**Student:** 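Just passing along the structure, written as structure tokens.
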Number of protein chains: 2
Amino acid sequence: MNELEPEHLKSAGLKSTLPRLKVLDLFKNGQERHMSAENVYQLLRDSGDNVGLATVYRVLTQFEQAGLLVRHNFEGGKSVFELNEGTHHDHIVCMQCGHVEEFYDSAIESRQKKIAADRGFTIHDHSLHIYGDCTKTKCPHRR
Amino acid sequence: MNELEPEHLKSAGLKSTLPRLKVLDLFKNGQERHMSAENVYQLLRDSGDNVGLATVYRVLTQFEQAGLLVRHNFEGGKSVFELNEGTHHDHIVCMQCGHVEEFYDSAIESRQKKIAADRGFTIHDHSLHIYGDCTKTKCPHRR
DNA sequence: ATGCAAATGAGAATGATTATCGTTCGTGTC
DNA sequence: GACACGAACGATAATCATTCTCATTTGCAT
């Protein structure tokens with residue numbers, strides 16, 4: 001088990017509880033960068049921790065509101081979270097294997113700003129997801 | 001009640017049944033361009049038609065597969081459909097009032113193609129949603 | 001007009017997420 | 001370091017959108 005980091009929680013205005021530390025540790029030191037509530041729940045269970053699924057959902061939502069995590073609504077109905085490292089990026093998702101890659105394109109970003117401005121919108125957020133097949137090169141990632 | 005158009009269904013390989021004609025009519029001649037299954041169900045109910053919610057879901061999915069409608073997964077968990085008029089476009093959604101505007105930006109489209117190609121992906125689909133406030137100009141549209 | 005497969009409607013079932021509630025834990029105070 | 005109190009937890013029930021099941025009805029070719 002890696003060392004835990006209560007400072008991150010405190011600075012986010014959250015009490016430093018065991019389930020919260022476990023979840024945060026999973027995102028900071030775990031294998032997967034993108035995880036659903038169910039993923040997190042299973043991983044904690046597998047490592048012998050007795051956490052409730054409801055708590056996982058609560059904690060993920062709190063972390064999102066605190067800015068520690070970012071939530072993505074990919075196709076398939078379930079929310080996926082990743083660590084918020086400040087650097088905004090969008091996602092390209094393989095529909096065969098579920099593999100996710102990240103990208104950032106400043107041209108796209110600035111076009112979006114212009115589009116919103118032209119229409120009198122103040123942007124809160126945006127999501128760009130490209131769905132496709134990565135078959136050619138690296139699709140042994142099974143879903 | 002407007003005249004119905006069985007040709008559209010036939011040419012899509014679908015039997016021309018009453019519920020299907022009603023749903024298609026709603027999208028072609030109704031007030032709202034973007035509708036969820038629940039919206040469609042309620043509107044048909046309100047106009048005195050006895051359709052089942054399950055049928056609405058089935059028909060919307062069939063229409064999507066037939067290319068008559070396009071499905072969007074905005075934030076909020078429910079799928080929204082609109083008539084497929086061949087012209088691809090993305091959406092900017094007001095988070096205060098739910099108002100939706102459409103846009104198309106060829107620069108963004110071509111950047112997306114390039115990004116996917118660079119990573120060895122074959123694009124199936126993509127979704128770009130900008131979420132913001134349209135407060136300044138036209139936010140009397142209530143949710 | 002007749003028949004049969006396809007489509008429908010009502011309601012049960014499912015999957016993800018949220019709410020409820022009695023119990024436990026974290027933290028400031030003595 | 002023990003106490004107290006409210007916040008957080010875990011189990012489970014409830015909710016919401018969507019899909020499935022199945023008996024009944026309907027579209028359409030004969």
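Here is the naming used below: chain letters follow the sequence lines, and residue numbers restart at 1 for every chain. Keep in mind that what you see is a predicted model, and the values were worked out from it rather than measured.
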**Student:** Once you round it to whole Å, what is the distance between C1' of D:dA17 and CZ of B:F74?
**Tutor:**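 Atom CZ in B:F74 sits about 17 Å away from atom C1' in D:dA17.
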**Student:** Using the closest heavy atom to pick a nucleotide of DNA chain D for each, name whichever of B:T61 or B:T17 lands nearer the 5' end.
**Tutor:**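 Going by which nucleotide is closer to the 5' end, it is B:T61.
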**Student:** Could you state the atom-to-atom distance from CG of B:L21 to C1' of D:dG27 in whole Å?
**Tutor:**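 It is 11 Å, rounded to the nearest whole Å.
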**Student:** Nearest to the side chain of A:K15, heavy atoms from C-beta on, is which of D:dG6, C:dT8, C:dA6?
**Tutor:** D:dG6
**Student:** A:H126 and B:H91: aromatic ring centres closer than 6.0 Å?
**Tutor:** no
**Student:** Could you tell me whether B:E32 atom CD has more than 12 heavy atoms of other residues or ligands within 6.0 Å of it?
**Tutor:**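 Atom CD in B:E32 is not crowded, with 12 or fewer foreign heavy atoms closer than 6.0 Å.
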**Student:** Tell me the interatomic distance from A:F63, atom CZ, to D:dA8, atom C1', rounded to whole angstroms.
**Tutor:** 12 Å
**Student:** Whole angstrom is fine here: how far is it from CD in A:Q62 over to P in C:dA19?
**Tutor:** 12 Å
**Student:** Among D:dT21, C:dA7, D:dA11, which is the nearest nucleotide to the side chain of B:R58?
**Tutor:** D:dT21
**Student:** For A:L9 and C:dC25, what is the distance between atoms CG and P respectively, to the nearest whole Å?
**Tutor:** 18 Å
**Student:** Please work out which of the three classes, parallel, tilted or perpendicular, describes the rings of B:F74 and B:H129, given edges at 30° and 60°.
**Tutor:** perpendicular
**Student:** Please classify the nucleic acid contact of B:T55 as base, sugar-phosphate, or nothing, using heavy-atom distances under 4.0 Å.
**Tutor:**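 Counting heavy atoms under 4.0 Å across all strands, the contact made by B:T55 includes a base.
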**Student:** Quick check on C:dA16: is either OP1 or OP2 less than 4.0 Å from any side-chain nitrogen or oxygen of A:K78?
**Tutor:** yes
**Student:** Take atom CG of A:D49 and atom C1' of D:dC9, then tell me their distance rounded to the nearest Å.
**Tutor:**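 One finds 14 Å between C1' of D:dC9 and CG of A:D49, rounded.
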**Student:** Tell me what A:R45 touches on the nucleic acid: a base, only sugar-phosphate, or nothing, going by heavy atoms under 4.0 Å.
**Tutor:**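 Sugar-phosphate only.
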**Student:** Grab the OH-C1' distance between A:Y41 and C:dA16 for me, whole Å please.
**Tutor:** 14 Å
**Student:** Could you tell me if the side chain of A:F27 sits less than 4.5 Å from the side chain of A:F81, heavy atoms only?
**Tutor:** yes
**Student:** What is the distance from CG of B:L53 to C1' of D:dT18, rounded to the nearest Å?
**Tutor:**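 Atom-to-atom, B:L53 to D:dT18, this comes out as 8 Å.
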**Student:** Looking at D:dG27, does its base get a donor-acceptor pair with the side chain of B:R20 below 3.5 Å?
**Tutor:** no
**Student:** For a quick check of understanding: with a heavy-atom distance under 4.0 Å over all strands, which category does A:S79 fall into, base, sugar-phosphate or nothing?
**Tutor:** sugar-phosphate
**Student:** For A:L21 and A:S16, which heavy atoms make the closest approach, and how far apart are they?
**Tutor:** CD1-OG, 3.6 Å
**Student:** Using only side-chain N and O atoms of A:N50, determine if any of them is under 4.0 Å from OP1 or OP2 of D:dA11.
**Tutor:**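 Yes, A:N50 has a side-chain N/O under 4.0 Å of OP1/OP2 on D:dA11.
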**Student:** With respect to the side chain of B:Y57, which nucleotide from C:dT27, D:dA17, D:dG10 is positioned closest?
**Tutor:**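 Ranking C:dT27, D:dA17, D:dG10 by closest atom to the B:Y57 side chain puts D:dA17 first.
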